[in-house]
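When a ligand or atom number is given, it counts from 1 through the structure's own listing order.
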Amino acid sequence: MAAKLLELGAVSKVFDFGGGARLTAVDAVSLDVMPGEIVGIVGESGSGKSTLARIAARLMPQSSGNVIFRGEDVSGLTGVRFSRQPARRRMQMVFQDPLASLNPRFTAFAAIADPVRQLGTADERGNTRALVERAAQRAGLPPALLASYPHQLSGGQRARVDIARAIVLEPELLILDEPTSALDASLQAHVVQTLMQLRQTMGMTYIFVSHDLNLVRLMSDRILVMLKGKVVESGATAAVFGDPQHAYTRKLIAAIPVLGRRRAAAGGLRT
Ligand SMILES: Nc1ncnc2c1ncn2[C@@H]1O[C@H](COP(=O)(O)OP(=O)(O)OP(=O)(O)O)[C@@H](O)[C@H]1O
């Protein structure tokens, strides 16, 4: 059996607001991600999905629990310390709002080149233009747009810059936090198609965070359902959608516009 790519062991995150006010945003979540899998994380707003994604990507320290990436315990490494690790280039994150995550003073080329400058080998740095052009092409960004600044690009084009930047060093794991939620339905479909093609051509593994169950159903091999920081249900996507065990999962599925109506009409899924 293949080695696990990422292991989260009983990861918790408690936000302390002072004066005794605390919030457990993630509560003892365990998750093993195998190479090549797409794991979807779903749940209502505030259920802890983004916090878990940020902990997995080492952008935020957990309060307790372990994070093991490619067999290496990275539990004590976050932020700048993790960014200095060789493992850093093997795991990248794509964010919800590229306008917020892209530096307004960087052209698309500079944004995509940034990881090469920061994390690339000397050879890669010498080859920056070719790497940037390859990543842009893979992400479906026309070469003519590489000279543009974020404000000159559409939402869909910005999403593609963000994806190109994330894949420029060919990471093994992409953690995608609502990567298409700022886009309208048709752009969303294009970006999802691009992500699915990338997975095939580059053999990547995704953790895909979304409140959009239709999208997660389409993309994921396996899903985790989160409620108030806890995983209330997990399993193969087809099994969870076909025979949801938890009342909350049934409620989420029933709320999917098209699928929910069809299922309700068939007499199933009342919570
Ligand atoms: N940096 C922070 N400081 C304090 N509280 C936070 C912080 N980040 C998140 N939270 C809180 O933790 C809880 C979980 O938030 P999180 O963003 O992980 O949920 P989510 O499921 O991703 O929601 P959404 O879909 O709205 O992004 C929320 O109550 C949120 O307000």
Side-chain angles (χ1 to χ4, degrees), residues 6 8-31 33 38-65 67 75 77-82 91-102 155 158-159 162 166 173-185 188 191-192 195 206-220 222-234 237 240 244 246-257 260:
L6 179 75
L8 304 181
V11 164
S12 293
K13 180 71 185 180
V14 179
F15 291 112
D16 197 332
F17 300 104
R22 291 152 69 89
L23 171 77
T24 304
V26 174
D27 195 352
V29 171
S30 294
L31 168 68
V33 181
I38 300 187
V39 178
I41 303 180
V42 299
E44 286 166 349
S45 185
S47 54
K49 307 180 298 295
S50 295
T51 304
L52 185 67
R54 283 170 182 273
I55 290 170
R58 307 317 297 146
L59 295 175
M60 181 185 272
Q62 70 282 9
S63 306
S64 59
V67 181
S75 306
L77 301 171
T78 49
V80 177
R81 289 185 64 206
F82 184 63
M91 183 202 296
Q92 294 286 336
M93 189 154 178
V94 176
F95 295 95
Q96 182 167 1
D97 180 2
L99 200 54
S101 62
L102 292 172
R158 284 195 290 264
D162 217 27
L173 176 63
L174 268 195
I175 299 178
L176 302 135
D177 187 0
E178 307 267 12
T180 63
S181 64
L183 306 178
D184 67 36
Q188 192 175 59
V191 172
V192 166
L195 289 170
Y206 294 160
I207 296 178
F208 188 82
V209 172
S210 182
H211 65 271
D212 182 341
L213 263 75
N214 267 332
L215 201 58
V216 170
R217 182 167 182 252
L218 188 73
M219 288 194 63
S220 312
R222 198 152 60 85
I223 69 170
L224 246 63
V225 182
M226 289 187 70
L227 171 65
K228 294 182 186 156
K230 287 193 166 74
V231 173
V232 293
E233 181 157 3
S234 65
T237 304
V240 172
H246 196 282
Y248 178 66
T249 315
R250 291 197 285 272
K251 194 177 115 189
L252 287 179
I253 294 174
I256 300 176

Within 4.0 Å of atom 8 (N) of ligand 1 (strictly less), any protein heavy atom? yes
Is the ring pair Tyr248/His246 parallel, tilted or perpendicular, if the boundaries are 30 and 60 degrees? perpendicular
Looking at Leu59, is its backbone amide N or carbonyl O close enough to the side chain of Arg54 to form a donor-acceptor pair, meaning the two atoms are under 3.5 Å apart? no
Ligand 1 versus Val209: contacting region, heavy-atom distance under 4.0 Å: neither
re atom 17 (O) of ligand 1, the protein heavy-atom contact at minimum distance is Ser50 CB, 3.7 Å
Quick check against the 3.5 Å criterion: does Ser63 have a side-chain atom that pairs as donor or acceptor with the backbone of Val14? yes
Can you give me the closest heavy-atom contact between Val26 and Val11, atom names plus distance? CG1-O, 3.3 Å
Numbered in order shown, the ligand 1 atoms found under 4.0 Å of a heavy atom of Ser47 are 19 (O), 20 (P), 21 (O)
Distance check, rounded to the nearest 0.5 Å: Thr237 atom OG1 versus Arg217 atom CZ? 9.5 Å
Is there any N or O on Phe15 that sits under 3.5 Å from an N or O of ligand 1? no
Do you know which two heavy atoms are closest between Ser12 and Ala28, and how far apart they sit? OG-N, 2.8 Å
Quick one: look at Glu44 and ligand 1, take heavy-atom pairs under 4.0 Å, and tell me if it's side chain, backbone, both or neither. backbone
Tell me, please: is Gly43 in heavy-atom contact with ligand 1, that is, under 4.0 Å? no
What is the nearest protein non-hydrogen atom to atom 26 (O) of ligand 1, stated with its residue, atom name and distance? Ser45 OG, 2.5 Å
By number and element, which atoms of ligand 1 are closer than 4.0 Å to a non-hydrogen atom of Phe17? 4 (C), 5 (N)
Heavy-atom nearest option to atom 25 (O) of ligand 1, drawn from Arg54, Met226, Lys49: Lys49
Suppose I only count heavy atoms of Thr51 and a 4.0 Å limit; which atoms of ligand 1 are within that range? 9 (C), 15 (O), 16 (P), 18 (O)
What's the shortest distance from atom 23 (O) of ligand 1 to any protein heavy atom, and which residue and atom give it? Gly46 N, 2.8 Å
Between Glu44 and Lys251, is there a side-chain N and carboxylate O pair less than 4.0 Å apart? yes
Nearest non-hydrogen atom to atom 28 (C) of ligand 1 belongs to which of Val42, Ile55, Leu23? Leu23
Quick check: Gly48 and ligand 1, any N/O pair under 3.5 Å apart? yes
Among Thr24, Val225, Asp27, Val29, exactly one meets side-chain contact (heavy atoms from CB on, under 4.5 Å) together with Lys230. Which residue is that? Asp27
Side-chain donor/acceptor of Lys49 to backbone N/O of Phe208, under 3.5 Å: no
